[in-house]
Amino acid sequence: MPELPEVETIKEAMRNAIDGALIKSVRIRNRHLRQKIPDNFENIVCLSHVRRLYRIAKYAIMELDNGYCIIWHFGMSGKIKIEKESGFALEKHDHVVISTSKGILIYNDPRRFGLVSLIETTKINENPLFSNLGCDPFDKQFTSTYLINKLCHKHIPIKTALLDQSIVAGIGNIYASEALYEAHISPLRECCSITEKESKSLIEAIRITLKKAINAGGSTLHDYRQPDGNIGYFQLQHAVYGKEGETCPRCAKKHPCKIQRITQGGRSTYYCPHTQK
DNA sequence: AGTGAGGCCTGAAAGC
DNA sequence: TGCTTTCAGGCCTCAC
């Protein structure tokens, strides 16, 4: 489930593979993703060059030299595969195939929660996908003051707030749990109860957690050179996520206590009731 | 306005 | 064994 670190990894892999490439052909096998892929997608994209690749929140942006950007979002199950040469077999759920002078890009998404779209480069910031996004966790503007201002009037649990992309953009369900564990803050805490000091350590924890994950994702980049061509698939050594009933690593020595799973906003949250206050 | 619930979608896993 | 049900979650829409 691609959150910020996975998208960062996918973006880097795309950059390494096809930055500067000429797009030679586009084949769309299924237009019906979270949003319908625009009808003029192929016409606009073909014969342009990839000018640069970057990331906004959980979106990878592929800027072209014709005034447009291709927007990639991976929802829950979206993947990018890169093939060096034609002759490979397309798989189920390979929805978009872009052939370039440097390789072939394949977008695969079984659940179709992701999207592939096209936006004029000068109009990205006003596009509804991006106009309401909060700070990037690595942005200098993501300070304890910023976060406190976003949280201080809210009565929802802090865990739920971390999933709100208009507060901080890029965190998903896994890293919300992991970051709160790292910060020793209970996911049940009401936003407005978070102190300046806690806000500071939460920001620190978010950055540490995401950075670790990016580094781990980076290490899987090696795999994509292998014949299967898979990239961006990555597993983190989670401290709490998916570890219900296991002993909390922090408590292990002193007073063994179990990691709990609860549901917040219809999503699983994992935490240690003993060390997260 | 702020908040919560439901829906989209498929495949893996659990339940029967 | 083979079927049905449940669960996973990013993000949007709708209702209170």
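Every chain is numbered from 1, with letters handed out A, B, ... down the list of sequences. This one's a predicted model, so the numbers in the text were calculated from it and none came from an experiment.
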Engineer: What residues join A:L22 in its hydrophobic cluster, counting side-chain heavy atom gaps under 4.5 Å, either direct or through other members?
Structural biologist: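 Taking Ile, Leu, Val, Met, Phe, Trp and Tyr as members, A:L22 stands alone, with no cluster partners.
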Engineer: Can you pull the contact range of chain A along DNA chain B, 5' to 3', using atoms under 4.0 angstrom from its heavy atoms?
Structural biologist: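 With heavy atoms of chain A under 4.0 Å away, the range is B:dT3 to B:dG11.
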Engineer: If the condition is side-chain contact (heavy atoms from CB on, under 4.5 Å), which residues does A:A176 pass it with, not counting sequence neighbours?
Structural biologist: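 Partners of A:A176 by the side-chain contact (heavy atoms from CB on, under 4.5 Å) criterion, ordered by chain and then number, come out as A:K159, A:L162, A:L163, A:I171.
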Engineer: Where along residues 163-171 of chain A does a heavy atom come under 4.0 Å from DNA chain B, residue by residue in number order?
Structural biologist: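 Nothing qualifies; none.
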Engineer: Without swapping roles, check the side chain of A:S177 against the backbone of A:Y270 for a donor-acceptor pair under 3.5 Å.
Structural biologist: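 A pair under 3.5 Å: yes.
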Engineer: When you compare the protein's N or O atoms with those of nucleotides 12-14 of chain C, which come within less than 3.5 Å of each other, and at what distance?
Structural biologist:
residue	atom	partner	partner atom	Å
C:dC12	OP1	A:R34	NH2	3.2

Engineer: Mind jotting down which residue pairs meet the salt bridge (Lys or Arg N to Asp or Glu O under 4.0 Å) criterion with at least one end in residues 193-207 of chain A? Sequence neighbours excluded, please.
Structural biologist: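 For residues 193-207 of chain A: A:R189-A:E198.
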Engineer: So how far is it from A:K24 NZ to A:K102 NZ, rounded to the nearest 0.5 Å?
Structural biologist: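 Rounded to the nearest 0.5 Å, the NZ-NZ separation comes out at 12.5 Å.
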Engineer: Rounded to the nearest Å, what distance is computed from the CG atom of residue A:N173 to the P atom of nucleotide C:dG10?
Structural biologist: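 Going from A:N173 (CG) to C:dG10 (P), I get 5 Å.
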Engineer: Taking any heavy-atom pair under 4.0 Å as a contact, classify A:S77: base, sugar-phosphate, or nothing.
Structural biologist: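 The residue A:S77 makes no contact with any strand.
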Engineer: Find the bend of the helix from B:dG2-C:dC16 to B:dC16-C:dG2 as the angle between its two terminal axes (five pairs each), to the nearest 10°.
Structural biologist: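 Inter-axis angle at the termini of the helix from B:dG2-C:dC16 to B:dC16-C:dG2: 60°.
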Engineer: Pairs under 3.5 angstrom only: tabulate donor-acceptor contacts from the side chains of residues 128-141 of chain A to other protein residues two or more places apart or in another chain.
Structural biologist:
residue	atom	partner	partner atom	Å
A:S131	OG	A:N127	O	3.4
A:D136	OD1	A:F138	N	3.0
A:D136	OD2	A:R55	NH1	2.9
A:D136	OD2	A:R55	NH2	3.1
A:D139	OD1	A:Q141	N	2.9

Engineer: Using only heavy-atom distances, determine whether the side chains of A:H184 and A:Q276 contain a donor-acceptor pair under 3.5 Å.
Structural biologist: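 On atom types as modelled, these side chains do not qualify, holding no pair under 3.5 Å.
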Engineer: Mind checking the CH2-CD1 spacing from A:W72 to A:I61? Nearest 0.5 Å is all I need.
Structural biologist: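 One finds 11.5 Å between CH2 of A:W72 and CD1 of A:I61.
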Engineer: A:F130 CZ to C:dG10 P: how many Å, rounded?
Structural biologist: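 Going from CZ in A:F130 over to P in C:dG10 covers 17 Å.
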Engineer: Compute both the distance and the angle, then confirm whether A:R250 meets the cation-pi test with A:Y181: under 6.0 Å from the six-membered ring centre, within 45 degrees of the axis.
Structural biologist: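 Output yes; distance and angle both within limits.
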Engineer: Take the protein atom OH of A:Y241 and the nucleotide atom C1' of C:dC7, then report the distance between them rounded to whole Å.
Structural biologist: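 That distance rounds to 11 Å.
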Engineer: Going by the side chain to side chain donor-acceptor pair (under 3.5 Å) test, which pairs reach into residues 104-116 of chain A, not counting sequence neighbours?
Structural biologist: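 Every pair satisfying side chain to side chain donor-acceptor pair (under 3.5 Å) with a residue in residues 104-116 of chain A: A:S77-A:D109, A:D94-A:N108, A:Y107-A:D109.
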Engineer: For a quick check, tell me whether the side chain of A:R267 and the base of C:dA8 share a donor-acceptor pair closer than 3.5 Å.
Structural biologist: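 Under the 3.5 Å cut-off, the side chain and the base do not form any donor-acceptor pair.
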Engineer: Using the salt bridge (Lys or Arg N to Asp or Glu O under 4.0 Å) criterion, which residues pair with A:R52? Sequence neighbours excluded.
Structural biologist: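 Per chain and number, A:R52 pairs via salt bridge (Lys or Arg N to Asp or Glu O under 4.0 Å) with A:E63.
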Engineer: Using every non-hydrogen atom in the two residues, find where A:K58 and A:F74 come nearest and quote the distance to one decimal.
Structural biologist: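 In terms of heavy atoms, the two residues are closest at O-CD1, 4.5 Å.
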Engineer: Less than 4.5 Å apart, side chain to side chain, heavy atoms only: is that true for A:F88 and A:I104?
Structural biologist: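 Yes. Closest side-chain heavy atoms under 4.5 Å.
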Engineer: Heavy-atom contacts under 4.0 Å between residues 145-158 of chain A and DNA chain B, which residues?
Structural biologist: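 Only A:K154, A:H155, A:I156 qualify.
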Engineer: Figure out the CD1/C1' separation between A:I174 and C:dG10, and round it to whole Å.
Structural biologist: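 In whole Å, C:dG10 C1' lies 12 Å from A:I174 CD1.
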Engineer: Given A:T209 and A:E178, is the side chain to side chain donor-acceptor pair (under 3.5 Å) satisfied, shown in steps?
Structural biologist: CA-CA 7 Å; A:T209 306; A:E178 292 294 322; over 6 Å; no
Engineer: Taking atom P of C:dG10 as reference, at what distance in whole Å does atom CG of A:L4 sit?
Structural biologist: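 Checked: the CG to P distance equals 13 Å.
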Engineer: Got a second to check how far A:Y241's OH is from A:R261's CZ, nearest 0.5 Å?
Structural biologist: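 With rounding to 0.5 Å, OH (A:Y241) is 9.0 Å from CZ (A:R261).
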Engineer: Does A:G266 or A:F113 map to a spot on DNA chain B nearer the 5' end, using the closest nucleotide for each?
Structural biologist: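 Looking at DNA chain B, the more 5' nearest nucleotide goes with A:G266.
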Engineer: I need the CG-C1' distance between A:L162 and C:dG10, as an integer number of Å.
Structural biologist: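 These atoms are roughly 15 Å apart.
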Engineer: Measure the distance from CD on A:Q264 to P on C:dC7 and round it to the nearest whole Å.
Structural biologist: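 After rounding, the gap between these two atoms is 17 Å.
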Engineer: Please report, to 0.1 Å, the donor-acceptor pairs under 3.5 Å made by any side chain of residues 30-37 of chain A, with sequence neighbours excluded.
Structural biologist:
residue	atom	partner	partner atom	Å
A:N30	OD1	A:H32	N	2.9
A:R31	NE	A:I37	O	3.2
A:R31	NH1	A:E42	OE2	3.1
A:R31	NH2	A:P38	O	2.8
A:R31	NH2	A:E42	OE1	2.8
A:R34	NH1	A:H73	ND1	3.3
A:R34	NH2	A:Y59	OH	3.2
A:K36	NZ	A:D39	OD1	3.2

